[in-house]
2 protein chains.
Amino acid sequence: MPTSSRFVVAVHALVALAVTGDKPLRSEDLAHSANTSPVVIRGLLSRLSAAGLTRSQLGAGGGALLARPAEEINLLEVYRAVEDTRLFTLHRTPPPPDCAVGSNIVGGLQPALTRAREAFEAELDHTTVAEIADEVARLGKFTMPLEW
Amino acid sequence: MPTSSRFVVAVHALVALAVTGDKPLRSEDLAHSANTSPVVIRGLLSRLSAAGLTRSQLGAGGGALLARPAEEINLLEVYRAVEDTRLFTLHRTPPPPDCAVGSNIVGGLQPALTRAREAFEAELDHTTVAEIADEVARLGKFTMPLEW
DNA sequence: GAGCGTGTAAGGGTGACGGTTACACGTCCC
DNA sequence: GGGACGTGTAACCGTCACCCTTACACGCTC
């Protein structure tokens with residue numbers, strides 16, 4: 001089972017902020033770009049700002065901004081901000097303790113699962129939002145900052 | 001969002017078969033060990049046998065057996081047999097093509113997502129069911145084959 | 001041939017997810 | 001200072017995957 005779409009949409013929003021520069025973007029603008037609703041975007045921005053990745057300006061002319069340069073935001077931070085980071089679901093109901101296999105399978109399996117998760121997260125850790133933004137600019141043949 | 005519990009339960013079943021040796025185990029036995037229902041186990045065994053990891057003996061005294069030595073079954077095979085291997089969900093509805101970010105975000109992000117998935121799968125690839133079974137036997141202080 | 005065990009289909013309960021509506025609050029602009 | 005703007009959050013709903021249960025036809029062993 002895959003993750004939710006929150007991660008990809010959150011990266012989408014951060015990339016949009018990165019290519020736009022210092023101009024605040026409204027949740028409505030981001031929602032249009034990601035083809036979702038402003039409330040969903042605001043929910044994501046709420047998590048991202050709690051994680052220190054974005055900040056918001058209220059009032060007219062307001063919107064969301066990156067709290068840090070895009071070069072200093074990596075995908076692991078985004079992932080942790082918006083997703084449940086447990087990659088594996090254990091048994092819905094725990095195995096019986098009187099079973100030699102059932103009582104030890106989780107302990108025996110945990111190290112391998114942890115290694116897999118760490119390898120996954122390490123890969124996200126060394127990709128930045130700026131790199132994705134650069135790639136998007138290259139594919140879209142535009143230069144930053146992008147005017148909307 | 002995590003995977004389903006199918007992966008962990010499938011490994012559980014394979015480990016149970018591994019520690020038991022050549023004796024077939026019924027879906028009911030495996031269900032008891034994993035604290036789930038026989039039908040769920042049979043659904044998993046159906047996928048595992050399709051992937052060439054187990055085989056089933058019908059009739060009285062029948063049950064499931066490993067199709068190969070546990071040393072030759074790695075966790076990646078199990079994972080691929082029972083799970084949806086797409087780790088990331090893209091936008092629920094695709095971004096509009098007239099948006100410079102929306103039309104290129106997927107292409108720009110894909111390489112990073114692929115690297116993360118490959119790192120994850122590579123880790124699963126070099127752990128075998130036999131290793132997990134050994135670890136479970138060590139934790140449970142029993143020797144294989146285990147009598148039930 | 002009788003019983004055992006598998007394989008699979010159908011139906012239901014549960015929970016996460018994403019969309020929508022609604023509204024209170026803070027902030028900027030005139 | 002008043003009004004418009006935009007955020008933040010709660011509540012509700014439809015949808016879907018997941019897992020459980022029941023049910024039953026088929027094949028194999030004894």
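Proteins come first, then strands; the chains are lettered A, B, ... in the order of their sequence lines, and each starts at number 1.
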Integer-rounded Å distance: [N] [atom2] and [X] [atom1]:
X     : N      : atom1 : atom2 : value
A:L65 : D:dT7  : CG    : C1'   : 13 Å
B:R47 : D:dC18 : CZ    : C1'   : 11 Å
A:E28 : D:dG8  : CD    : C1'   : 16 Å
B:I41 : C:dG5  : CD1   : P     : 16 Å
A:F7  : C:dA16 : CZ    : P     : 21 Å
B:L45 : C:dG7  : CG    : P     : 7 Å
B:R26 : C:dG7  : CZ    : P     : 14 Å
A:D84 : C:dC17 : CG    : C1'   : 13 Å

What residue pairs, at least two apart or across chains, pass side-chain hydrogen bond (donor to acceptor under 3.5 Å, both in side chains) with a residue in [range]?
range                       : result
residues 135-144 of chain B : B:E135-B:R138
residues 42-68 of chain B   : B:S27-B:R42, B:R68-B:E77
residues 90-102 of chain B  : A:H12-B:H91, A:N35-B:T93

task: Tell me, please, which residues at least two apart from B:A130 pass side-chain contact (heavy atoms from CB on, under 4.5 Å).
output: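 If we apply the side-chain contact (heavy atoms from CB on, under 4.5 Å) test to B:A130, skipping adjacent residues, the hits are B:A70, B:E71, B:T128.
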Please tabulate the protein-to-nucleotide N/O contacts below 3.5 Å involving nucleotides 19-24 of chain D, giving atom names and distances.
| from | atom 1 | to | atom 2 | distance (Å) |
| --- | --- | --- | --- | --- |
| D:dC19 | OP1 | B:S5 | N | 2.7 |
| D:dC19 | OP1 | B:S5 | OG | 2.4 |
| D:dC19 | O4' | A:R92 | NH2 | 3.2 |
| D:dC20 | OP1 | B:T36 | OG1 | 3.2 |
| D:dC20 | OP2 | B:T36 | OG1 | 2.6 |

message: So, does B:S27 get its side chain near the phosphate of C:dT6, meaning an N or O under 4.0 Å from OP1 or OP2?
response: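 Yes, because at least one side-chain N or O of B:S27 sits under 4.0 Å from OP1 or OP2 of C:dT6.
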- prompt: Side-chain N or O of B:S46 less than 4.0 angstrom from OP1 or OP2 on C:dT8?
  reply: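 Checking C:dT8 against B:S46, a side-chain N or O does come within under 4.0 Å of OP1 or OP2.
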field: Separation between CG of B:L66 and CD of B:E72, rounded to the nearest 0.5 Å
entry: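 Nearest 0.5 Å value for the CG-CD distance: 11.0 Å.
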message: side chain to side chain contact (heavy atoms under 4.5 Å, CB included) for B:L75 and A:L109? Distances and angles first, verdict last.
response: CA-CA 10 Å; B:L75 297 191; A:L109 197 47; 4.1 Å; yes
- request: Would you jot down, in residue-number order, the residues of residues 48-60 of chain A having a non-hydrogen atom under 4.0 Å from DNA chain D?
  value: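 Listed by number, they are A:S56, A:L58, A:G59, A:A60.
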message: Once side chain to side chain donor-acceptor pair (under 3.5 Å) is applied, do any residues pair with B:N74, and if so which ones, sequence neighbours excluded?
response: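 Partners of B:N74 under the side chain to side chain donor-acceptor pair (under 3.5 Å) test: B:D125.
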- request: Sequence neighbours left out, what passes salt bridge (Lys or Arg N to Asp or Glu O under 4.0 Å) with B:E123? Give chain and number order.
  value: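 For B:E123, the residues satisfying salt bridge (Lys or Arg N to Asp or Glu O under 4.0 Å) (neighbours in sequence not counted) are A:R115.
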message: Taking ring-ring contact (aromatic ring centres under 6.0 Å, His included) as the cut-off, I'd like each qualifying pair that reaches into residues 104-135 of chain A, sequence neighbours left out, listed once.
response: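 Residue pairs with at least one partner in residues 104-135 of chain A: A:Y79-A:F120, A:F120-B:F88.
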